[in-house]
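These notes are about the structure you will find just below.
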Amino acid sequence: MQKLQLWERYKNRLYHHAELDLSVDTSRMNFPDSYLEEMEPRLQKAFEEMAELEAGAVSNPDEQRMVGHYWLRAPELAPTPELTGEIKDTLASVKAFASSVHQGNIAAPDGHRFENLLIIGIGGSALGPQFVADSLGTPQDRMKVYFFDNTDPDGMDKVLAEIGPGLKRTLTVVISKSGGTKETRNGMLEARQAFEKGGLHFAAHAVAVTGSDSELDRTASQEGWLGTLPMWDWVGGRTSVTSAVGLLPAALQGIDIERLLTGARVCDQATRSRVTSDNPAALLALSWFHATAGKGERDMVLLPYKDRLLLFSRYLQQLIMESLGKELDRDGKKVLQGITVYGNKGSTDQHAYVQQLREGVANFFVTFIEVLKDREGASMLVEPGATSGDYLSGFFQGTRSALYEKDRESVTITIREISPASIGALIALYERAVGLYASLINVNAYHQPGVEAGKKAAGTVLKLQGEILDMLRRQPGRDFSCEDMAMTLARPEEVETVFLILRHLAANPAHEVGVVPGEKVWESRFRAAS
């Protein structure tokens, strides 16, 4: 297509929201001009389902739960006065708690203000807060933020080493809806031990965000933690960033959470429009449907041209892949749906994998995110008439054109600057696009049976580990091969799992398991260390 023709299509297809200063450009998606009209009946159905969800319909039938993350930005839309009051009260509590910490009314036991913030969570209880913290953090933040976002002991040691002596002025936020999430539980126990080793009382440094009467809620109450804020069962982890899950860490860091919520609320209003061309989330969902044939046939490559948006692709991986990656549709039909999401940042990507994007297998479409404002204040000229930011913009435009020349399709989202409002808008935009796309392909975006299956499988492995340790301790003088152990436990079909468990146990001194290496690694023999 000639450049002047593309310019006309750009003008016809560009969506712009003046208040948010946010644009969505679908001109480099090669759907025909009739596409929106053809998809209109399906999209109107999706709009209707979204309206029902916002009105309080049970949209997670597996757990008989409502899905209400949109109410977090507009409490008056909640289906009952009680829920409206809870949302408003929680926001007030978040602000009050953060203010008390900043003013030193809630302080470290040595009387000094808390200076560091350790967030313990996993999945949506970490990815959202991490993205917000990284995108909006500054050297002037009220608190320096750290994360335990896995059950990797070495990772936790690394974080604790970075905090160092500052642990005595570190506030810890433990986030888990059920309170029983093992990764978060493990992180909490590791943090507790670190505080105790430093002669510190963990409860005097801890606050919980959790479900009412959860295991974590009871622990916090019994031990006298500094506070507890609610997680509701109608807010999924991957859509919880505008609940206390994301708002408390952000407020403690010093981010303007009202502006974050305002950006999300204004974007929510825009994405409720039932006029497709005036709804940016609908335009995204339709672009995804076109690019993937509604069957996940292509991956989504996210290329934000801003360092502060580096974690956005990681955040969207969970939001999109956990919501849309489903074996069955809502009618129980096997569909194997989903969209794979990956991405780095521009222009780093040009020195990493754009070569393949331009000339390799065309199994993807790109989402560019352009940020118009380079930095606060003026930039130096790196050459006559050009700044570093000008180069970044040029590389974005060049990559977009180079890909389109090879029939690689793309969507471009443009925002004026990185701010709490624009980050809130991006979060809301993608939450709505995911919900609409899920309706178009007839899957339930609000459950995650595959995640639960993985947790159950892990539980089975740990149960078998307990049996292995018990057997080694009951026969301290005996060497076991993995095959011996599997037969002794009457679990011959689990010999590979037994081998993997034994090899891991022998590598870690806490379990006191010795190993005699075999000629082949699987021929090694294991015993209780003497």
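Keep in mind it's a predicted model, so treat the numbers as computed, not measured.
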Find the distance between CG (L316) and CD (E322) and round it off to the nearest 0.5 Å.
13.0 Å
Answer whether the closest heavy-atom distance between the side chains of I119 and I175 falls below 4.5 Å.
yes
So, the side chain of S313 versus the backbone of G343: is there a donor-acceptor pair under 3.5 Å, distance only?
yes
Under the salt bridge (Lys or Arg N to Asp or Glu O under 4.0 Å) rule, collect the residues that match up with D213, sequence neighbours excluded.
R218
Any chance you could lay out the side chain to side chain contact (heavy atoms under 4.5 Å, CB included) test for R28 and T412, step after step, and finish with the verdict?
CA-CA 8 Å; R28 267 56 174 182; T412 298; over 6 Å; no
Does the side chain to side chain contact (heavy atoms under 4.5 Å, CB included) test come out yes or no for E370 and K306, once each step is laid out?
CA-CA 8 Å; E370 176 191 20; K306 200 69 173 175; over 6 Å; no
Which heavy atom of A220 sits nearest a heavy atom of T228, and at what distance?
CB-OG1, 3.7 Å
Under a 4.5 Å cut-off applied to non-hydrogen side-chain atoms, are L226 and F114 in contact?
yes
Answer yes or no: is there an ion pair linking K345 with D307, defined by an N-O contact shorter than 4.0 Å?
yes
Partners meeting salt bridge (Lys or Arg N to Asp or Glu O under 4.0 Å) with E48 (sequence neighbours left out):
R274
Side chains of D329 and I441: closer than 4.5 Å at any heavy-atom pair?
no
Taking ring-ring contact (aromatic ring centres under 6.0 Å, His included) as the cut-off, I'd like each qualifying pair that reaches into residues 59-82, sequence neighbours left out, listed once.
W71-W234
Measure from the side-chain N and O atoms of N279 to the backbone N and O of T271, and report whether any donor-acceptor pair falls under 3.5 Å.
yes
Donor-acceptor pair, distance only, cut-off 3.5 Å: does the side chain of D349 make one with the backbone of G346?
yes
Quick one, H290 with E409, criterion side chain to side chain contact (heavy atoms under 4.5 Å, CB included). Give me CA distance, side-chain angles, the key distance, then yes/no.
CA-CA 10 Å; H290 161 77; E409 295 177 290; 2.7 Å; yes
Is there a side-chain contact between F148 and N150 in this structure, where contact means two heavy atoms from C-beta onward sitting under 4.5 Å apart?
no
Has the side chain of K177 got a donor or acceptor atom that lies under 3.5 Å from a matching backbone atom of G237?
no
Filter on ring-ring contact (aromatic ring centres under 6.0 Å, His included), then keep only pairs touching residues 235-259, sequence neighbours left out; what's left?
none
Is there a side-chain contact between L403 and L357, using heavy atoms and a 4.5 Å cut-off?
yes
Looking at every heavy atom in both A445 and A438, which two are closest together, and how far apart are they?
CB-CB, 3.6 Å
Which residue pairs satisfy the ring-ring contact (aromatic ring centres under 6.0 Å, His included) criterion with at least one member in residues 312-341, sequence neighbours excluded?
F131-F312, F131-Y315, F312-Y430
For R192, which residues count as a salt bridge (Lys or Arg N to Asp or Glu O under 4.0 Å) partner, sequence neighbours excluded?
E223
Can you give each donor-acceptor pair under 3.5 Å made by side-chain atoms of residues 332-342, sequence neighbours left out, with the distance rounded to 0.1 Å?
| residue | atom | partner | partner atom | Å |
| --- | --- | --- | --- | --- |
| Q337 | NE2 | G294 | O | 2.7 |

More than 12 heavy atoms of other residues, nucleotides or ligands under 6.0 Å from OH of Y10: is that the case?
no
Residues that K373 engages under salt bridge (Lys or Arg N to Asp or Glu O under 4.0 Å), provided they are two or more places apart
E376, E417
In this structure, CG of L216 is separated from OG1 of T184 (nearest 0.5 Å) by 9.0 Å
Using every non-hydrogen atom in the two residues, find where L91 and L247 come nearest and quote the distance to one decimal.
CD1-CD1, 4.0 Å
For L261 and L72 the tightest heavy-atom approach is CD2-O, 4.1 Å
Chi angles and distances behind the side-chain hydrogen bond (donor to acceptor under 3.5 Å, both in side chains) call for N363, R298
CA-CA 5 Å; N363 62 344; R298 291 182 180 175; over 6 Å; no
Say whether S323 and R238, considering side chains only, have a donor N or O and an acceptor N or O under 3.5 Å apart.
yes
For the pair E215 (side chain) and S178 (backbone), establish whether a donor and an acceptor sit closer than 3.5 Å, ignoring hydrogens and angles.
no
Hey, is R432 close enough to D268 for a salt bridge, meaning N to O under 4.0 Å?
yes
Would you check if there is a donor-acceptor pair between the side chains of N442 and R42 at a distance under 3.5 Å?
no
Which pairs pass side-chain hydrogen bond (donor to acceptor under 3.5 Å, both in side chains) with one or both residues in residues 241-265, sequence neighbours excluded?
R73-T242, K95-E258, D141-Q253, T262-R265
Between the side chains of D149 and R314, is the shortest nitrogen-to-carboxylate-oxygen separation below 4.0 Å, so that they form an ion pair?
no
Note: G123 and Q318 closest approach over all heavy atoms is C-OE1, 3.5 Å
Does S135 reach the main-chain N or O of V132 with its side chain, forming a donor-acceptor pair under 3.5 Å?
yes
Could you go through the side-chain hydrogen bond (donor to acceptor under 3.5 Å, both in side chains) check for S393 and Q397 one step at a time?
CA-CA 6 Å; S393 179; Q397 294 181 55; 3.2 Å; yes
Salt bridge (charged side-chain N to carboxylate O under 4.0 Å, His left out) contacts touching residues 239-251 (sequence neighbours left out)
none
Heavy atoms of R400 and S27 approach each other most closely as NH2-OG, 3.9 Å
Intermediate values then yes/no, side-chain hydrogen bond (donor to acceptor under 3.5 Å, both in side chains), Y305 and T399:
CA-CA 11 Å; Y305 275 69; T399 303; 3.3 Å; yes
Compare all side-chain heavy atoms of M300 with those of T367 and state whether any distance is below 4.5 angstrom.
yes
Main chain of F365, side chain of R408: is a donor-acceptor contact present, judged purely on distance under 3.5 Å?
no
Backbone N or O of T170 within a donor-acceptor pair of the H205 side chain at under 3.5 Å?
yes
Less than 4.5 Å apart, side chain to side chain, heavy atoms only: is that true for L127 and Q317?
no
Could you tell me which residues satisfy side-chain contact (heavy atoms from CB on, under 4.5 Å) with K295, sequence neighbours excluded, listed by chain and number?
E297
Quick one: list whatever passes side-chain contact (heavy atoms from CB on, under 4.5 Å) with S23, sequence neighbours left out.
L14, H16, T414
Test side chain to side chain contact (heavy atoms under 4.5 Å, CB included) applied to L302 and F368, step by step
CA-CA 6 Å; L302 192 80; F368 292 103; over 6 Å; no
Any side-chain donor-acceptor pair under 3.5 Å between S439 and E49?
yes
For L372, is there any backbone N or O sitting under 3.5 Å from a side-chain donor or acceptor partner on R416?
no
Keeping the roles fixed (side chain from R13, backbone from T26), state whether a donor-acceptor pair exists under 3.5 Å.
yes
Indicate yes or no: at least one non-hydrogen side-chain atom of V411 is less than 4.5 angstrom from one of D25.
no
